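Read the structure below first, then the notes.
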Amino acid sequence: MRTVYLDNNATTPVLPEVFEAMRTFSTELYGNPSSVHRLGSGGAKAMRDARRSMAKLLGCEDSEIIFTSCGTESDNLAIHGILDAVQGKHIVVAVVEHPAVMNPLRRLSKLGSELTILDVDADGMLDLETLRNSLRDDTALVTVMLANNETGTIYPLEEIASIAGARGIPLLVDAVQALGKIPIDLTTLRADALALSAHKFHGPKGVGLLFLRKGTPCNATILGGSQERGLRPGTENVAGIVAMAKACELAISHLDDYQTRVRAMRDRFEAALLERIPDSYVHGARAPRLPNTSSMCFRGIDGPSLLVMLDEVGICASAGSACKSGAGKPSHVLSAMGVSLDDAIGTMRFSLSTLTTEEDIDYALEHIPAVVTRMRG
Ligand code: PLP
């Protein structure tokens with residue numbers, strides 16, 4: 001049976017060139033990069049090269065990159081590190097943020113921080129005037145994601161950065177879903193901190209980075225050695241870091257393919273499902289969206305059950321919410337967009353990549369409407 005992987009916002013397969021880049025640093029140059037001998041210094045040099053290459057690709061300086069273990073860690077380091085280093089206890093956040101941002105902020109609010117949670121409209125968009133008016137003299141951090149993991153909605157971060165920047169308030173951007181799908185240029189996007197994760201752009205799991213603009217106050221949150229300027233102590237994941245730099249280079253070289261071929265496949269997929277499945281719609285259809293993401297509601301369907309049935313025919317996707325019978329709540333993103341509980345439960349997320357083929361889409365289009373019809377029957 002064919003496997004059609006349409007869950008690339010959850011994670012992506014490691015590309016062969018990326019896997020190959022890791023091998024040497026796991027089996028040959030395996031020394032601790034802090035060791036002076038050749039097996040350590042070889043890794044340290046590879047890490048310096050990886051840092052330089054990623055800095056160039058992102059438009060920042062080498063010293064502004066801190067390697068971490070994942071997107072969640074990068075978000076947590078920025079939130080706790082900046083909040084610890086600046087005055088003020090007020091934080092402004094978009095309601096649609098990933099739990100990697102929302103959960104640390106919720107804990108901080110229990111410890112005395114004040115949160116302003118910005119609402120979104122039915123398409124998932126923020127109102128920039130509301131954002132501007134929410135800023136206070138004691139606002140210590142603004143955090144808005146570049147693209148949403150569930151719906152693919154893209155937020156106008158350059159404008160948000162200028163609103164926060166005009167008040168001198170640090171801005172954290174969770175760009176975990178964006179790299180490789182839309183351009184990221186830190187010379188024009190004036191974020192103070194930006195989180196990335198390798199496994200979302202065909203790198204390995206367990207490695208990410210935090211861009212921290214020079215001069216942004218940030219204290220270490222894990223204490224230990226002096227790795228990553230003391231901001232992220234712990235022996236570095238050399239193989240993972242080298243692989244992430246390779247994956248980043250390939251992802252950026254595939255940007256055009258995302259904007260053209262992947263977008264066209266996603267649009268064909270959506271249009272065909274809308275035509276073949278009555279009572280269906282796309283979430284956030286009127287907002288700017290990532291070219292690979294399709295969040296679709298099939299009314300009356302139990303998403304998690306559909307997920308299992310699609311898996312049985314080899315199609316891998318994600319459900320928009322936990323099942324009706326489970327204790328799970330609907331997705332906070334869909335709820336914020338005003339989607340009803342039933343529609344949230346009937347929502348599926350399909351996410352493509354440059355490895356997705358027209359044949360994959362044909363196969364998915366052959367099976368999804370049939371499975372939905374069977375379930376509704
Ligand atoms: N932020 C966003 C927008 C995400 O989509 C994810 C993962 O799905 C994360 C953060 C967390 O990344 P990681 O899995 O690398 O911890």
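Atoms within each ligand, like the ligands themselves, are counted from 1 in listed order. This one's a predicted model, so the numbers in the text were calculated from it and none came from an experiment.
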### Query
For Arg286, does the CZ atom sit with more than 12 other heavy atoms under 6.0 Å from it, leaving out its own atoms?
no
Note: heavy atom closest to atom 3 (C) of ligand 1, options Asp174, Thr11, Thr68, Asp75, belongs to Asp174
Below 3.5 Å, N or O to N or O, backbone or side chain included: is there any such pair between Met145 and ligand 1?
no
Got an N/O contact under 3.5 Å between Asn9 and ligand 1?
no
closest protein heavy atom to atom 6 (C) of ligand 1 is His98 NE2, 3.3 Å
Close aromatic pair by centroid cut-off 6.0 Å: Tyr363 and His367: yes
When distances are taken from atom 16 (O) of ligand 1, the protein heavy atom at minimum range is Thr72 OG1, 2.6 Å
For a 4.5 angstrom cut-off between non-hydrogen side-chain atoms, does Thr293 reach Glu150?
no
- Assess Lys200 for proximity to ligand 1: is some non-hydrogen atom of it under 4.0 Å away? yes
Nearest non-hydrogen protein atom to atom 14 (O) of ligand 1, with distance, is His199 NE2, 3.0 Å
Would you indicate whether the side-chain heavy atoms of Asp362 and Arg268 approach each other to under 4.5 Å?
yes
With a 4.0 Å cut-off on heavy atoms, is Glu73 in contact with ligand 1? no
Nearest non-hydrogen protein atom to atom 15 (O) of ligand 1, with distance, is Ser197 OG, 2.5 Å
>> Before you tell me yes or no, could you show the steps for Phe298 and Leu273 under side-chain contact (heavy atoms from CB on, under 4.5 Å), namely the whole-Å CA-CA distance, both residues' side-chain angles and the distance that decides it to 0.1 Å?
In response: CA-CA 10 Å; Phe298 307 124; Leu273 289 184; 4.1 Å; yes
